[in-house]
Amino acid sequence: MTGAPMTEGAALLIVLLAGFLPTEIWRSLAILAGRRLEEGSPVFHWVKAVATALLAAVVARLLFAPAGALAAVPLLLRLGAVVGGVAGFLALRRSVFGGVLVGELLLVAGILLSH
């Protein structure tokens, strides 16, 4: 049985309800809870450590067990892009945006040059 095609407005509403609102609620609650924390408190350090560990785990997974199109990129190229991104981060006065941009440019350039 085929239903009527979804309109653009209905699709946008579904994205808002299913994607944006559930995460926005938790962000708002985190902001309210975070107002009471002092920057040097043990809880703040624990949250920062957990966030750093999660980020490291995501990067490690992308490097050593990638999915999709990234799985076709050689490990050495992926590692080189990460090393270049870290070097870019340090060279550009600890700019996260700069480091990500350098790493991404190296990855894309390596993919293009290898084909």
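Counting from 1, the numbers follow the sequence of the chain as shown. This structure is a prediction, so every number in the text was calculated from the model and none was measured.
- Taking L105 as the reference, L101 meet the side-chain contact (heavy atoms from CB on, under 4.5 Å) condition, with sequence neighbours excluded.
- Here CG of L106 is found 10.5 Å from CG of L113. Values are rounded to the nearest 0.5 Å.
- For E24, the salt bridge (charged side-chain N to carboxylate O under 4.0 Å, His left out) partners are R27, not counting sequence neighbours.
- The hydrophobic clustering, which links ILVMFWY residues whose side-chain heavy atoms are closer than 4.5 Å, places L77 and L70 together.
- The cluster map of Ile, Leu, Val, Met, Phe, Trp and Tyr, joined by side-chain heavy atoms under 4.5 Å apart, puts V58 and L107 in the same cluster.
- When the side chains of ILVMFWY residues are joined at heavy-atom separations under 4.5 Å, either directly or via intervening members, V59 and L79 end up in a single hydrophobic cluster.
- Residues V96 and F89 approach most closely at N-CD1, 3.8 Å, considering heavy atoms.
- Listed by chain and residue number, V43 satisfy the side-chain contact (heavy atoms from CB on, under 4.5 Å) test with V47 (two or more places apart in sequence, or in another chain).
- Contact annotation: the side chain of F20 never approaches that of V15 to less than 4.5 Å [non-hydrogen atoms, C-beta and beyond].
- For the residue pair E39 and H45, the shortest heavy atom distance occurs at O-NE2, 4.2 Å.
- Minimum heavy-atom separation, S95 to G98: OG-N, 3.0 Å.
- With rounding to the nearest 0.5 angstrom, the CZ atom of R78 is 9.0 Å from the CG atom of L62.
- Nearest heavy-atom pair across L16 and P22 is O-CD, 4.4 Å.
- Annotation for L76: atom CG does not count as buried by contact number, only 12 or fewer foreign heavy atoms lying within 6.0 Å.
- The distance from atom CD1 of I25 to atom CG of L21, rounded to the nearest 0.5 Å, is 6.0 Å.
- Contact between S114 and I111 at its shortest, heavy atoms only, is OG-O, 2.9 Å.
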